[in-house]
Every structure is written in C-alpha cells, then in structure tokens.
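Notes to accompany the following structure.
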2 protein chains.
Amino acid sequence: MLSTEQILEVMSGQGLRITDQRKTLAKLFGENKGYLSAKDVYEHMGRKYSGLSFDTVYRNLRVMEELGVLEQIVFEDGVKFKGSCNHQDHHHHMICLQCEKTYPINFCPMNLTDTPDQFRVVKHKFEVFGYCKECEENREEELVAAANHKKGV
Amino acid sequence: MLSTEQILEVMSGQGLRITDQRKTLAKLFGENKGYLSAKDVYEHMGRKYSGLSFDTVYRNLRVMEELGVLEQIVFEDGVKFKGSCNHQDHHHHMICLQCEKTYPINFCPMNLTDTPDQFRVVKHKFEVFGYCKECEENREEELVAAANHKKGV
DNA sequence: GTTTCTGCAAATCGTTTGCAAAGCT
DNA sequence: AGCTTTGCAAACGATTTGCAGAAAC
C-alpha cells in the first residue's frame with residue numbers, strides 16, 4: 001500500500017497542485033485498507049470541509065485513478081476505490097463483504113488455467129468474497145442476540 | 001445454454017404472458033452466446049418493433065434475470081446479459097473482449113486457494129478476458145491492412 | 001501572474017416508476 | 001373479463017460538464 005506521503009509525492013511529481021482537499025484524500029486512502037465509494041469519500045471529507053462539492057470528489061478520484069495511486073473496482077452496487085498496492089508482484093484479493101477491507105492472495109490461478117491457443121488471454125480477474133474474522137465475530141454476536149430475542153430472552 | 005423454446009417455457013410456466021416482445025427477447029438470447037447490454041438489446045429489437053420503449057426492455061431483462069433464464073454481469077462499462085448456462089456444474093468463463101462471446105473454463109481455482117480460517121468465503125469470481133480465434137484473425141487482418149497503408153501500399 | 005483547482009448549477013447517462021391504454025389467456 | 005404488459009413521460013441516482021472565482025506555484 002502507498003502511504004499518504006507517497007500518494008502526495010506522485011501527485012505533485014506529475015505537476016498536480018496539492019490542495020487541502022487532496023491532502024485529506026491522500027490521508028484517507030493512505031490509512032484505509034478498504035474500498036470506498038464516492039459517497040463514502042464525500043462523507044468522510046465532508047467533516048473537514050463543510051463547503052465541499054461532490055464533483056470535486058469525483059474529479060479527484062478520477063485523476064488519482066488515472067495516475068495510478070488509486071485502484072478502482074466495479075462492484076455489484078457501484079464503483080469503489082482504494083489505495084493502490086504498489087504491486088511489484090502480481091496477486092489477487094479476498095474482499096470482506098462487510099467492511100470491504102482486502103487481504104492478499106499470493107496465488108494466481110492463471111498459471112494453472114488451460115488456455116487453448118484458440119484464445120489469446122489479455123487479462124483476468126480473480127476475486128474472493130466473504131467475511132473477515134472481525135466481521136464474522138460481530139455477525140455471530142448479532143445472530144446470537146437475535147436468537148435470544150426470538151426466544152424472549 | 002437454454003434454447004429459445006426453453007426460455008419461453010420457463011416464462012409461461014411462471015404465469016408470464018408471452019408477448020411478441022418477449023418472443024423476440026427469448027430468440028435473441030436463445031441464439032446468442034455473447035453478453036448484451038440493455039442498449040444492444042433495444043437496438044436488436046428496435047428493428048422488429050418500431051414503437052418499442054426502453055423501459056419495456058429493462059423490465060423484461062429484470063424479470064428474466066429474476067426468473068433465472070438470464071445471467072447478469074457487471075462489466076467495467078456497465079451491466080450486460082446473456083442466456084443462462086443451464087449446466088449444473090460450477091464453472092467459469094473466458095470472455096472475448098471483441099465479440100463478448102463466452103467460453104467455459106472447466107476449472108475452479110477456489111479448490112486450490114488457501115483460505116485461512118480467518119476468512120469465511122461466500123463467493124468468488126474468476127474471469128478471463130482476451131480475444132477468441134475469430135476476432136483475433138480479424139484483428140490481424142486489420143493490423144496488416146493498417147501496416148500496408150502506412151507503407152503507402 | 002499564470003495555470004490549475006474548486007464550487008455551483010445545469011446537463012447527461014442509465015435505469016426505474018406511475019399511469020392509462022392495449023394485449024394475452 | 002380479468003389480469004398482465006406495454007408505451008409514454010416524468011422521476012431518479014450517479015456521474016460529468018462549463019464557467020467564474022479562488023488557490024497553488
């Protein structure tokens with residue numbers, strides 16, 4: 001993962017101006033492991049900048065994605081962003097459906113996949129979804145609480 | 001793949017009425033191996049039905065997806081549909097970036113993936129993108145043509 | 001001082017909805 | 001006939017744009 005400072009360095013290195021909004025964005029993605037939607041980002045930033053507009057968020061997310069400091073993924077419920085893994089080695093991710101944090105998978109199925117010469121492979125996607133330990137524990141607690149409630153406890 | 005007739009059977013079996021529009025939709029997905037966007041579908045159908053509305057297309061695509069006769073995938077450039085594979089065994093797809101036809105991969109990387117007990121896996125996605133033989137040949141022809149053009153041939 | 005960035009408002013895109021008329025069984 | 005489906009128009013949410021003023025270099 002790129003740090004807050006690294007993100008800012010890349011941006012200023014490309015001649016982009018470092019505004020307060022961009023500092024906050026860099027910090028947000030430098031410290032957060034999970035995926036955030038544009039709305040999430042807007043809400044996070046809205047705390048610091050009362051007069052913040054949605055389009056500034058969108059514009060900066062796009063710029064940062066084009067620069068490569070952010071990774072963009074299309075989920076079923078929309079587009080989300082996270083800081084780039086400064087990926088020297090190719091890898092995949094397990095993604096928690098609850099908190100949307102990601103965990104690396106150091107295994108690429110592509111090496112093992114039979115690709116007939118009738119098909120020229122360009123790229124591939126391997127994503128595993130589920131629940132991480134923390135979220136799983138919270139879920140269990142909730143289920144127990146719900147069950148107790150049902151029993152009238 | 002479900003045939004045109006099978007699609008219609010499922011639909012009427014669920015009490016849905018078989019309208020001309022739906023017959024055309026069933027035929028389209030019964031005979032087409034690739035992914036189609038709502039717009040693609042609208043344009044295909046527009047040839048037969050001059051007074052066709054977009055929302056009818058959307059409504060029917062959703063109904064058919066809920067019924068399970070269509071599969072829906074979110075691509076980078078939007079939602080697309082294709083007729084369901086009715087084969088019961090789990091598999092993945094190679095998808096041609098040009099024609100968007102799909103080819104089955106009879107291999108699931110999930111079996112080989114180390115899933116630490118810290119993570120409860122719910123679902124996974126494995127998709128391979130590239131160019132199928134046909135499209136690849138067309139591409140080559142184009143490249144050759146372009147090269148010749150450049151040389152002034 | 002020049003260029004880039006921001007906020008506003010308005011535009012656009014893809015998709016969904018309410019409703020009256022038309023179509024299927 | 002009775003219910004479903006259609007087309008229209010209008011609404012909707014997410015994202016993008018043009019523009020004038022503000023901020024960074």
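We use all heavy atoms of the structure for the numbers below, so side chains are in, but hydrogens, waters and symmetry mates are not. Chain A is the first sequence line, chain B the second, and so forth, proteins listed ahead of strands; every chain is numbered from 1.
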Review point. Rounded to whole angstrom units, what separation is found between the CZ atom of B:Phe54 and the C1' atom of D:dG7?
Key: 14 Å
Study note, to complete from the structure: DNA chain D nearest-nucleotide lookup for B:Gln21 and A:Lys39: closer to the 5′ end is B:Gln21
Point to revise | Audit row: B:Val128, B:Tyr103, side chain to side chain contact (heavy atoms under 4.5 Å, CB included) steps and yes/no | key: CA-CA 10 Å; B:Val128 177; B:Tyr103 303 84; over 6 Å; no
Study note, to complete from the structure: Of B:Ser53 and B:Gly15, the one whose closest nucleotide on DNA chain D sits nearer the 5' end is B:Gly15
Exercise for review: Could you state the atom-to-atom distance from CG of B:Asp40 to P of C:dG14 in whole Å?
Suggested key: 11 Å
Review point. So which nucleotide from D:dT6, D:dA14, D:dC25 ends up closest to the side chain of B:Arg22?
Key: D:dT6
Review point. Could you give the CD-to-P distance, from A:Gln14 to D:dC25, as a whole number of Å?
Key: 15 Å
Practice item. Would you kindly give the CG-to-P distance between B:Leu52 and C:dG23, to the nearest whole Å? Key: 14 Å
Practice item. Look at the side chain of B:Asp40 and the backbone N and O of B:Ser37, then say whether any donor-acceptor pair between them is shorter than 3.5 Å. Key: yes
Review point. Counting only non-hydrogen atoms, which of residues 58-81 of chain B are less than 4.0 Å from DNA chain D?
Key: B:Arg59, B:Asn60
Review point. What is the distance, rounded to the nearest whole Å, between atom NZ of A:Lys23 and atom P of C:dC5?
Key: 14 Å
Point to revise | Separation of C:dT4 C1' from A:Arg17 CZ (nearest whole Å) | key: 4 Å
Exercise for review: Measure the distance from CD1 on A:Ile18 to P on C:dC5 and round it to the nearest whole Å.
Suggested key: 9 Å
Exercise for review: Measure the distance from CG on B:Asp20 to P on D:dT6 and round it to the nearest whole Å.
Suggested key: 10 Å
Check your understanding: When you check the side-chain N and O atoms of B:His124 and A:His92, is any donor under 3.5 Å from an acceptor?
Key -> no
Review point. Does A:Thr56 reach the main-chain N or O of A:Leu52 with its side chain, forming a donor-acceptor pair under 3.5 Å?
Key: no
Exercise for review: Would you confirm whether the ring centroid of A:Phe81 sits within less than 6.0 angstrom of the ring centroid of A:Tyr35?
Suggested key: no
Review point. Is B:Lys125 atom NZ crowded by more than 12 heavy atoms from other residues, nucleotides or ligands, each under 6.0 Å away?
Key: yes
Exercise for review: Give a yes/no on whether any side-chain N or O of B:Thr19 is located under 4.0 angstrom from OP1 or OP2 of D:dT6.
Suggested key: yes
Review point. Are A:Lys123 and B:Glu76 close enough for a salt bridge, meaning some N to O gap below 4.0 Å?
Key: yes
Review point. Side chain of A:Asp55, base of D:dA14: donor and acceptor closer than 3.5 Å?
Key: no
